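Since the model is a prediction, treat every value here as computed from it, not as a measurement.
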Amino acid sequence: MKTNSNISDRRGKASISSLNRIKRVARVVAIIIASIVGLVFWVFIRPIFRGLGWVISIITALLIIFWILTF
């Protein structure tokens, strides 16, 4: 009986250890994917928002000029 309980204890520890390794690998993979996605957004989306800000500023300035001229 004692031998069987030791064997089952080792099997439980091995599965917990492998589960921890899988969690660690999954965490590292998720961090790498999130970093790549963040870098892509930073490179491609940032100029779009910067250009969009200029468009909003120009439209606002034109509307203010139009409002002043019609006042």
(request) Using side-chain contact (heavy atoms from CB on, under 4.5 Å) as the criterion, list what pairs up with R27, not counting sequence neighbours. (result) I31
(message) Do W42 and F44 land in one hydrophobic cluster if side-chain heavy atoms of ILVMFWY residues count as linked below 4.5 Å?
(response) yes
(request) Treating Ile, Leu, Val, Met, Phe, Trp and Tyr as nodes and any side-chain heavy-atom pair under 4.5 angstrom as an edge, say whether V40 and V43 lie in one connected cluster. (result) yes
(message) Please say yes or no: joined through hydrophobic side-chain contacts below 4.5 Å, possibly via intermediate residues, are L52 and F41 part of one cluster?
(response) yes
(request) Drop me the distance from I65's CD1 to T70's OG1, to the nearest 0.5 angstrom. (result) 12.0 Å
(message) So for atom CZ, which belongs to R46, do other residues, nucleotides or ligands contribute more than 12 heavy atoms lying within a distance under 6.0 Å?
(response) yes
(message) Let me check something: do V25 and I33 share a hydrophobic cluster, defined by ILVMFWY side-chain heavy atoms less than 4.5 Å apart, either directly or through other members?
(response) yes
(message) Side-chain heavy atoms nearer than 4.5 Å, only ILVMFWY residues, links allowed to pass through others: does that put V29 and V37 together?
(response) yes
(request) Drop me the distance from I59's CD1 to W54's CH2, to the nearest 0.5 angstrom. (result) 14.0 Å
